[in-house]
Amino acid sequence: MEKTIISAEPQPEVPRTGPRHVAVIMDGNGRWAQKRNRPRLLGHRAGARRVREIVEACPENGVEYLTIFAFSTENWKRTQAEVSGLMMLFRRYIEREANNLLRTGTRVRFIGDRVRLDAKLVSLMDMLEGLTKDNTLVHLTIAINYGGRDEVARATKRLAQDVQSGALNPDEITDETLPRYLDTHVLPDPDLVIRTSGEARISNFLLWQSAYSEYEFIDTLWPDFTRDIFEDVLQRFGTRSRRFGGVTG
């Protein structure tokens, strides 16, 4: 008696409802500390500890790319003590978190202009990028000495150099050309940008890349931004209709 082989019907692909790439403006560290009558740098330390929790929440929530705004080109205007403390905090974060990031399958990249950063910090950044380059579970991008306008200016300069050298025909330049020169050229554009602390502005962050991103401005200060709050924001994203300039129905 011949056996009847029943093949499974191909299942339709389930459309993605959550964001693939989330970018975060981690605001409110200083105010978090001041509300407790503590030095602002203590708030930055608390914020750095929060990063690990959010990174580890990404895989099971379908987030493949997480980009965080750690230090802007405008943050040099802060007091020398705070800037020096932040630079030390960045070095310590890399030293303390490197093994955990490697173990959890997190690939780390840094964006921003490294020229003004001290040599030891740049060396640690290079080390962490090399150490985690084969990881694929979560792509963590950290923006240090980053500004959207600065990034576009640097990208435009490189593009102009290619035009001048003959490597690029100016008649062939389209809106898809400049992104190849941006710091984020290997990343997809963010689906969702979150800003904590109640401020409703984008502060020169991913200006080109976030043209069609959804935004979520929340009152929670970054050190209080828990995994549960993160997941609530991701769920709200799934209820939005993204039309990218078109219409539905």
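- For Ser213 against Val193, the heavy-atom pair with the smallest separation is CB-CG2, 3.9 Å.
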Checklist line | Worked check of salt bridge (charged side-chain N to carboxylate O under 4.0 Å, His left out) between Glu53 and Arg50 | finding: CA-CA 5 Å; Glu53 179 180 352; Arg50 184 64 66 188; 2.4 Å; yes
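- With contacts defined as side-chain heavy-atom distances shorter than 4.5 Å, the pair Asn145/Trp76 qualifies.
- Follow the hydrophobic side-chain contacts under 4.5 Å out from Ile68 and you never reach Leu221; the two are in separate clusters.
- Contact check for Ile202 versus Arg195: no side-chain heavy atoms found under the 4.5 Å cut-off.
- When atom types are taken as modelled, the side chain of Thr156 and the backbone of Val152 share a donor-acceptor pair closer than 3.5 angstrom.
- No chain of hydrophobic side-chain contacts below 4.5 Å, direct or via other Ile, Leu, Val, Met, Phe, Trp or Tyr residues, connects Trp208 to Val24.
- Counting all heavy atoms, side chain and backbone alike, Ala70 lies closest to Ile144 at CB-CG1, 4.1 Å.
- With contacts defined as side-chain heavy-atom distances shorter than 4.5 Å, the pair Phe230/Cys58 qualifies.
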Checklist line | Thr184/Thr141 under side-chain contact (heavy atoms from CB on, under 4.5 Å): CA gap, chis, key distance, verdict | finding: CA-CA 9 Å; Thr184 57; Thr141 302; 5.5 Å; no
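- By the ring-ring contact (aromatic ring centres under 6.0 Å, His included) test, Tyr65 is found to be paired with His21, His139, residues two or more places apart in sequence or in another chain being considered.
- The two residues Tyr93 and Ala48 make their nearest non-hydrogen contact at CE1-O, 4.0 Å.
- For the atom pair Ile142 CD1 and Glu129 CD, the distance stands at 9.0 Å (nearest 0.5 Å).
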Notebook entry, point to check: Under the side-chain contact (heavy atoms from CB on, under 4.5 Å) criterion, do Glu56 and Asn100 qualify, and how do the steps go?
Noted result: CA-CA 10 Å; Glu56 293 180 351; Asn100 182 64; 3.6 Å; yes
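- Ion pairing between Arg154 and Glu151 fails under the 4.0 Å rule for side-chain N and carboxylate O.
- Shown here are the side chain to side chain donor-acceptor pair (under 3.5 Å) partners of Glu60, two or more places apart in sequence or in another chain: Arg227.
- Scanning both residues, Leu178 and Ala155, for their nearest heavy atoms gives CD1-CB, 3.8 Å.
- No side-chain heavy atom of Arg36 sits under 4.5 Å from any side-chain heavy atom of Leu42.
- The CZ atom of Arg91 sits 11.0 Å away from the CG atom of Leu86 when rounded to the nearest 0.5 Å.
- Leu131 and Val51 fall within the same hydrophobic cluster, defined by Ile, Leu, Val, Met, Phe, Trp and Tyr side-chain heavy atoms under 4.5 Å apart, directly or through other members.
- The existence of a salt bridge linking Asp162 and Arg180 is excluded, since no basic side-chain nitrogen approaches an acidic carboxylate oxygen closer than 4.0 Å.
- Note on Leu192 and Trp222: same hydrophobic cluster, where clusters join Ile, Leu, Val, Met, Phe, Trp and Tyr whose side-chain heavy atoms are under 4.5 Å apart, directly or indirectly.
- For the pair Thr67 and Phe205, the minimum side-chain heavy-atom distance is below 4.5 Å.
- The ring-ring contact (aromatic ring centres under 6.0 Å, His included) check on Tyr146 picks up Phe69, with sequence neighbours excluded.
- Under the 4.5 Å side-chain criterion, counting only non-hydrogen atoms from C-beta, Val163 is in contact with Ile173.
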Item checked: Trace of the side-chain contact (heavy atoms from CB on, under 4.5 Å) decision for Trp32 with Asp224 -> CA-CA 8 Å; Trp32 183 89; Asp224 293 326; 3.1 Å; yes
Notebook entry, point to check: Does the pair Arg114 and Asp126 meet the rule for a salt bridge (charged side-chain N to carboxylate O under 4.0 Å, His left out), with working shown?
Noted result: CA-CA 11 Å; Arg114 303 188 187 193; Asp126 290 340; 2.7 Å; yes
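- The minimum heavy-atom distance between Gly47 and Pro223, with the atom names listed, is N-CG, 4.1 Å.
- Across all their heavy atoms, Ala33 and Pro39 have their closest contact at CB-O, 3.1 Å.
- A distance-only check finds no donor-acceptor pair linking the side chain of Asn61 to the backbone of Val63 [under 3.5 Å].
- For Arg38, the CZ atom is loosely surrounded, since the number of other residues' heavy atoms within 6.0 Å does not exceed 12.
- Note: Leu168 CG to Gln161 CD = 12.0 Å, rounded to the nearest 0.5 Å.
- Rounding to the nearest 0.5 angstrom, the gap separating the CG atom in Leu128 from the CZ atom in Arg107 is 11.0 Å.
- Within the 4.5 Å cutoff, no side-chain heavy atoms of Phe90 are placed close to those of Leu117.
- Atom CG of Asn29 and atom CZ of Arg31 lie 9.5 Å apart (nearest 0.5 Å).
- Checking side-chain atoms of Arg158 against main-chain N and O of Tyr181 turns up a donor-acceptor pair under 3.5 Å.
- Once rounded to the nearest 0.5 Å, the distance linking CG of Asp27 with OG1 of Thr220 reads 12.0 Å.
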Next item on the list: Apply side-chain contact (heavy atoms from CB on, under 4.5 Å) to the pair Phe71 and Met87, showing each step before the final yes or no.
Entry: CA-CA 9 Å; Phe71 189 87; Met87 294 301 153; 3.8 Å; yes
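- Heavy-atom contacts from other residues, nucleotides or ligands closer than 6.0 Å to CZ of Arg149 number 12 or fewer.
- Residues Pro190 and Leu206 form a side-chain contact, since some pair of their non-hydrogen atoms from C-beta on lies under 4.5 Å apart.
- Note: the hydrophobic cluster containing Leu140 also contains Met125 (ILVMFWY, side chain heavy atoms under 4.5 Å, direct or indirect links).
- Of the possible polar contacts, one joining the Thr177 side chain to the Thr174 backbone as a donor-acceptor pair under 3.5 Å is found.
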